[in-house]
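Just so you know, these numbers use all the heavy atoms, side chains as well, and skip hydrogens, waters and symmetry mates.
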Amino acid sequence: LVPRYAFFVAGTGNHNDRLHAFEQALLNAGPFAHNLVTVSSIIPARCKIISPDKGFDMLIAGQITFCIMARQDTNKRNEFASVAVGMVKLKSFKKFGYISEYHGNAQGQKKAETIAKRLAVEMFETKTGIKIKNTDTNAVHSTGASVKHPDNNSWVSAVALCVFVL
């Protein structure tokens, strides 16, 4: 099974129940009605990045759907739940790319995305021996979400996903 397409989404949720907060984060990220199966960090060489709208249109409700997911939940007052997926993908269709996941309490979406980009670059360079310039925006991308826990008894959840379409 080699994915032909991939797209990126992120969202946050808040609920008294941890599982329901996670479900709210998924629904905030997009119209998920799929059986998500998490996989590791390689994006195939010929895998094309598409928009979330186009990607969701290609999926069927209930379908087993492979993804790379970053998830962070917390019920600690005033703590952040922050996530991001970072990607390094070369323009060449001959080389695979790399996706990192950040799960933590970075203070905001931008900080989480910056960490995910750095991790993706470092891991790609280690895996391939190819040096990436951090300023090459065509090769480096990230998508993230962050939510600060309100001062109550609820759970908050953040998710960021790279979703594959076969």
Inset, instruction - May I ask whether Val39 and Ile64 are part of the same hydrophobic cluster, defined by side-chain heavy atoms of I, L, V, M, F, W, Y residues being less than 4.5 angstrom apart, directly or through others? - result: yes
Inset, instruction - Treating Ile, Leu, Val, Met, Phe, Trp and Tyr as nodes and any side-chain heavy-atom pair under 4.5 angstrom as an edge, say whether Phe164 and Ile50 lie in one connected cluster. - result: no
Inset, instruction - Can you measure from NZ (Lys95) to CZ (Phe124) and round to the nearest 0.5 angstrom? - result: 6.5 Å
Inset, instruction - Answer yes if the ring centres of Phe7 and Phe56 are under 6.0 angstrom apart, and no otherwise. - result: yes
Legend entry - Exercise: identify the closest heavy-atom pair between Asn28 and Gly11: OD1-CA, 3.1 Å
Inset, instruction - Could you walk me through whether Val9 and Thr143 pass side chain to side chain contact (heavy atoms under 4.5 Å, CB included), step by step? - result: CA-CA 7 Å; Val9 293; Thr143 299; 5.8 Å; no
Inset, instruction - Spell out, as yes or no, whether a donor-acceptor pair under 3.5 Å connects the side chain of Asn105 to the backbone of Phe80. - result: no
Legend entry - Under the salt bridge (charged side-chain N to carboxylate O under 4.0 Å, His left out) test, residues paired with Arg4 that sit two or more places apart: none
Inset, instruction - Measure from the side-chain N and O atoms of Lys89 to the backbone N and O of Ala45, and report whether any donor-acceptor pair falls under 3.5 Å. - result: yes
Legend entry - Within one Ile-Leu-Val-Met-Phe-Trp-Tyr cluster: Val85 and Val37, side-chain cutoff 4.5 Å: yes
Inset, instruction - Quick one: list whatever passes side chain to side chain contact (heavy atoms under 4.5 Å, CB included) with Ser41, sequence neighbours left out. - result: Tyr98
Legend entry - Greater than 12 external heavy atoms within 6.0 Å of Gln63's CD: yes
Inset, instruction - Please report the closest heavy-atom contact between His103 and Met69, naming both atoms and the distance. - result: CE1-O, 3.7 Å
Legend entry - Leu166 CG to Met58 CE distance, which is reported to the nearest 0.5 Å: 10.0 Å
Inset, instruction - Just do the side chain to side chain contact (heavy atoms under 4.5 Å, CB included) check on Leu161 and Leu26 with the steps written out, would you? - result: CA-CA 9 Å; Leu161 301 95; Leu26 283 174; 4.1 Å; yes
Inset, instruction - Could you walk me through whether Phe32 and Thr65 pass the side chain to side chain contact (heavy atoms under 4.5 Å, CB included) test, one step at a time? - result: CA-CA 10 Å; Phe32 280 103; Thr65 304; 5.8 Å; no
Inset, instruction - Look at the side chain of Thr12 and the backbone N and O of Ser146, then say whether any donor-acceptor pair between them is shorter than 3.5 Å. - result: no
Inset, instruction - Using the rule that two of Ile, Leu, Val, Met, Phe, Trp, Tyr join whenever any of their side-chain heavy atoms come within less than 4.5 Å, decide whether Phe96 and Leu90 are in one cluster. - result: yes
Inset, instruction - Could you tell me whether the side chain of Thr38 reaches within less than 4.5 Å of the side chain of Cys67, counting heavy atoms only? - result: yes
Inset, instruction - Working to the nearest 0.5 Å, report the span between OG of Ser82 and CD of Gln72. - result: 7.5 Å
Legend entry - Ile132 versus Val140, closest heavy-atom pair with distance: CG2-CG2, 3.9 Å
Report, one line per pair, each donor and acceptor closer than 3.5 Å where one atom sits in a side chain of residues 148-155; sequence neighbours left out.
residue	atom	partner	partner atom	Å
His149	NE2	Ser154	O	2.6
Asp151	OD1	Arg77	NH1	2.9
Asn152	OD1	Ser154	N	2.9
Asn152	OD1	Ser154	OG	2.6
Asn153	OD1	Arg77	NH2	2.7
Ser154	OG	Asn14	OD1	3.0

Inset, instruction - Measure the CD-OG distance between Glu101 and Ser142 for me, rounded to the nearest 0.5 Å. - result: 13.5 Å
Legend entry - Interatomic spacing from NZ in Lys127 to CD1 in Ile42 - rounded to 0.5 Å: 5.0 Å
Legend entry - Non-hydrogen atoms of Leu1 and Pro3 that approach each other most closely: O-CD, 3.9 Å
Inset, instruction - To the nearest 0.5 angstrom, please state how far the CE atom of Met87 sits from the SG atom of Cys162. - result: 7.5 Å
Legend entry - Check: Leu36 and Val163 side chains under 4.5 Å, non-hydrogen atoms: no
Inset, instruction - Evaluate the side chain to side chain contact (heavy atoms under 4.5 Å, CB included) criterion for residues Phe8 and Ile49: first the C-alpha distance (whole Å), next the side-chain angles of each, then the deciding distance (0.1 Å), finally the verdict. - result: CA-CA 8 Å; Phe8 294 84; Ile49 306 303; 4.0 Å; yes
Inset, instruction - Might you point out which heavy atoms bring Ser157 and Ala25 nearest each other, and give the distance in Å? - result: O-CB, 3.6 Å
Legend entry - Verify same cluster id: Ile130, Val88 (apolar side-chain graph, 4.5 Å): yes
Legend entry - Electrostatic pair Arg118:Glu122 at N-O distance under 4.0 angstrom: yes
Inset, instruction - Might you point out which heavy atoms bring Ala106 and Ala112 nearest each other, and give the distance in Å? - result: CB-N, 4.0 Å
